[in-house]
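Residue numbers run from 1 in the order of the sequence given.
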Amino acid sequence: MSRKPELKGRAARLARLFPAGPRQAARTPFVLLVVLLLGGGLIGLLVLNSALSEGSFRMDDLHRDTKSLTDEEQALQRDIDSYSAPDALQRRARELGMVPGGDPAFLNPDGTVKGVPTPAARQAAQEAPAVRPPEALMFSQTIGSPPSPARSDTPLGSPAHSAAPDPTATTPETPGR
């Protein structure tokens, strides 16, 4: 039979720290640690998945909004293009009572006139009454005066063409009250 030798000194003190005989480690703390790690991982994955889903829904809403705004922008750009087409501008100018201008005359820096100034030719054909744009109608309604149609026998900018002057307004010719 084998007998263990008796330990003395330092070896005896170390041997007392270790239990005598084979022992198994406690399983309960290890099992709890594994269960906590797995549970924490699952909860973390759930939170991450819900955050990604929320971000995906928000991105879909933003894509939908972007598409509708892009469609609206394209529709407005088509309107602008149709209003700024040369034939539309010409038709609109005729509706407002404008006529094509003649040859231009230029002023030189020394004050001499280059070219022969000629007035714009009036059209003798029947002119339809002026059609005012909605912006002009809204502007004249906010001022309080009814919209006045453009007269073909007076040039644009003349006093007979514009609305009646405000008697309380001050002008450079008359001092203020």
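Between Ser68 and Asp65, the closest heavy-atom pair is OG-O, 2.9 Å. Contact between Val113 and Gly115 at its shortest, heavy atoms only, is CG1-O, 3.7 Å. Residues Ser84 and Leu89 come closest through the heavy atom pair O-CD1, 3.7 Å.
Between Leu76 atom CG and Asp81 atom CG the span is 11.0 Å, to the nearest 0.5 Å.
Salt-bridge annotation for Arg91 and Glu95: present, with a side-chain N of the basic residue lying under 4.0 Å from a carboxylate O of the acidic one. Between Asp61 and Arg64, at least one side-chain nitrogen of the basic residue sits less than 4.0 Å from a carboxylate oxygen of the acidic one, meeting the salt-bridge criterion.
The backbone N or O of Thr112 sits less than 3.5 Å from a side-chain atom of Asp110, completing a donor-acceptor pair. No donor-acceptor distance shorter than 3.5 angstrom exists from the side chain of Ser56 to the backbone of Leu52, with no hydrogens or angles considered.
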Evaluation steps, side-chain contact (heavy atoms from CB on, under 4.5 Å), between Glu73 and Leu69: CA-CA 6 Å; Glu73 178 190 18; Leu69 289 174; over 6 Å; no

Audit row: Thr66, Thr70, side-chain contact (heavy atoms from CB on, under 4.5 Å) steps and yes/no: CA-CA 6 Å; Thr66 301; Thr70 302; 4.1 Å; yes

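Linking ILVMFWY side-chain heavy atoms closer than 4.5 Å, directly or via other members, places Leu38 and Phe30 in a single hydrophobic cluster.
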